[in-house]
Protein chains: 2
Amino acid sequence: MEGDSKSRIRLSNEANILRAAEHVFARAGFVGATMAEIAECAHIPKSNLHYYFKSKKAIYRAVLANILSLWLAQTDSIHEDNDPRTALTDYIRAKMQLSVTHPDASRVFANEILHGAPEIGDYLREDLRQLVERKAEVIEHWIAQGKMMPVDPKYLFFTIWAATQTYADFDTQICAVLGVQALDAQQMHKATEHLTELLLCGCGIAH
Amino acid sequence: MEGDSKSRIRLSNEANILRAAEHVFARAGFVGATMAEIAECAHIPKSNLHYYFKSKKAIYRAVLANILSLWLAQTDSIHEDNDPRTALTDYIRAKMQLSVTHPDASRVFANEILHGAPEIGDYLREDLRQLVERKAEVIEHWIAQGKMMPVDPKYLFFTIWAATQTYADFDTQICAVLGVQALDAQQMHKATEHLTELLLCGCGIAH
DNA sequence: TATAATCTTGACCAAATGGTCAGCTTTTAC
DNA sequence: GTAAAAGCTGACCATTTGGTCAAGATTATA
């Protein structure tokens, strides 16, 4: 492991920098974010950033790595032993929860993909693709057993991802339409209920 | 009208610049796009951009204005005289079609909102909000008549927008998962069918 | 054809930005 | 306690970028 030899100070400061960087990248994207902004947000002089990270791109990569590890741990509920209703309900709920607890992470991820995924393209084509392949088989299995209507599992994932992440990525638009300043817990709960019912019903899983 | 006094040359060159700019802004976002890139993509020297547009932001605003006029003309099918099945099918289809025919427009729009809609915030809070308010009433009406299950119309719009635009905005991710280079007409057709069935079924409208 | 209006373009500029570095301070290890 | 390692920072630099401008070329108008 690489984490072994890192001092307490280094660990703490790297975490602080990555937290600040995620926030700034979320607001401005990779090119729009400036090292000066990140430094200010982390409450350290700009030069100090370069003591802990070689370059702006190195910070960006580290932020993305954190986000990807978050993303991976989300599909646990989808395995054959579960029934589809519980599994999909939990999955949608977990995805929505991510939009609540880590909106900046979602925005950085969205921005990266929107610009062609120059940094995480390989991850998408390898790890993510295999993960979806495996989970799709589980859903196909449920369908074969008659527990769900026949929907293409991959397209179902695309829809779930889009519909849940939109509450983080495009919250500006949603707030504007709803006429509110920010999405509160109650609205996010309502959105979760709405989406769960809509999609489960769409998959032919009775409520 | 402002278009009256514009010469043929001016009209043609402005259109050419806006076409190039939309492409570059879609790839790189506002900050990431450079005037040099736009100029190269439009096959004119950089100085010439400034003869037709005051600044980079002026080009960006003009590109957004074009996109918004595209967006507005999309909700025609949703009015009381139609039955919900036809209306929603047409709406979803039209939205998906936009992702096929104008992916760059969708990406520029997505990027603008992802970064907090600094330029079109007012449009979202006024025009778009009122439009959705009106269309939501139509859907509420259908629900009151028992033609649909009771779904919150606004959240339904959020889901439709997200699920359709994801095929333009996040096509990199979708291509990676599907293991293809680009989405072809057949895949987009399948996605449209999938989404229509899923959402109509979710709204309690029999297929 | 004359001339005024529009269009084109290379050279140039000021500001912003990512990154470097030498020297200083603090922490760690023995 | 002391020396070495790790951490910190202001001053500085090269490059990029949006934008300006003056002078020349083309087009419209009479």
Side-chain angles (χ1 to χ4, degrees), chain A residues 1-64 108 111-112 115 118-119, chain B residues 1-64 108 111-112 115 118-119:
Chain A
M1 291 294 292
E2 55 178 5
D4 285 342
S5 56
K6 287 186 181 175
S7 76
R8 225 165 10 103
I9 293 177
R10 186 168 204 99
L11 282 174
S12 147
N13 284 357
E14 281 186 3
N16 178 41
I17 290 171
L18 291 181
R19 181 196 50 73
E22 180 177 280
H23 187 68
V24 175
F25 283 134
R27 288 246 141 270
F30 175 71
V31 218
T34 68
M35 296 294 274
E37 267 181 287
I38 296 174
E40 188 184 16
C41 185
H43 304 293
I44 58 175
K46 196 185 66 161
S47 317
N48 213 348
L49 291 180
H50 284 95
Y51 178 74
Y52 288 104
F53 293 93
K54 194 185 77 196
S55 64
K56 184 183 177 184
K57 189 157 273 177
I59 298 181
Y60 184 63
R61 289 211 188 96
V63 168
L64 279 176
V108 173
N111 195 72
E112 163 73 7
H115 295 353
E119 296 300 326
Chain B
M1 289 294 293
E2 54 178 8
D4 283 343
S5 57
K6 287 186 181 177
S7 78
R8 222 165 13 99
I9 293 179
R10 186 169 203 97
L11 282 174
S12 147
N13 285 354
E14 281 186 2
N16 178 40
I17 290 171
L18 291 181
R19 181 197 50 75
E22 180 179 278
H23 187 68
V24 175
F25 283 135
R27 288 246 139 270
F30 175 71
V31 219
T34 68
M35 297 294 274
E37 267 181 286
I38 296 175
E40 189 185 14
C41 185
H43 304 292
I44 57 174
K46 197 185 65 162
S47 316
N48 214 347
L49 292 180
H50 284 95
Y51 177 73
Y52 288 105
F53 293 93
K54 194 185 77 197
S55 64
K56 183 181 176 184
K57 188 156 274 177
I59 298 181
Y60 184 64
R61 288 212 189 94
V63 169
L64 278 176
V108 173
N111 195 73
E112 163 73 8
H115 296 351
E119 296 300 326

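Side chains are part of it too, since the values below use all heavy atoms of this structure and drop only hydrogens, waters and symmetry mates. Worth saying up front: this structure is predicted, and the values here are computed from it rather than measured. Convention: sequence-line order gives letters A, B, ...; per-chain numbering from 1.
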OP1 or OP2 of D:dG7 versus the side-chain N and O atoms of A:S7: is any pair under 4.0 Å? yes

Using a cut-off of less than 4.0 Å, is there contact between a side-chain N or O of A:N13 and OP1 or OP2 of D:dC8? yes

Please give me the minimum heavy-atom distance between A:A62 and A:F53, naming the atom from each residue. CB-CE2, 4.0 Å

Pairs of donor and acceptor atoms involving the side chains of residues 17-31 of chain B, under 3.5 Å and at least two apart or interchain, shall be tabulated with distances.
residue: B:R19; atom: NH2; partner: B:N16; partner atom: OD1; Å: 2.6
residue: B:H23; atom: ND1; partner: B:D104; partner atom: OD2; Å: 3.0

Might you list the N or O atoms of the protein lying below 3.5 Å from N or O atoms in nucleotides 22-28 of chain D, with each pair's distance?
residue: D:dA28; atom: OP1; partner: B:R8; partner atom: NH2; Å: 3.0

Can you check each nucleotide of nucleotides 13-21 of chain D against protein heavy atoms at under 4.0 Å and return B for base, S for sugar-phosphate only, - for none, in 5' to 3' order? ----SBBBB

Do the side-chain N or O atoms of A:Y52 get closer than 4.0 angstrom to the phosphate oxygens (OP1, OP2) of D:dC8? yes

Whole angstrom value for the distance that separates P of C:dC7 from CD1 of B:I44: 13 Å

Do A:I59 and A:Y52 touch side chain to side chain, with heavy atoms closer than 4.5 Å? no

For residues B:I38 and B:L49, determine if any side-chain heavy atom of one lies less than 4.5 Å from a side-chain heavy atom of the other. yes

Round to the nearest Å and state the distance from B:H43 atom NE2 to C:dT9 atom P. 13 Å

If I take atom OH in residue A:Y51 and atom C1' in nucleotide D:dG10, what distance separates them, rounded to the nearest angstrom? 17 Å

Would you say a side-chain N or O of A:R10 is under 4.0 Å from OP1 or OP2 of D:dA6? no

Separation of C:dC21 atom C1' from A:L49 atom CG, nearest Å, is 16 Å

Can you check whether A:E112's main-chain N or O pairs, donor with acceptor, with A:E119's side chain at less than 3.5 Å? no

Has the side chain of B:K56 got a donor or acceptor atom that lies under 3.5 Å from a matching backbone atom of B:A33? yes

How many angstroms lie between atom OG of A:S12 and atom NZ of A:K6, to the nearest 0.5 angstrom? 12.5 Å

Between the CD atom in B:E14 and the OG atom in B:S7, the distance rounded to the nearest 0.5 Å is 8.5 Å

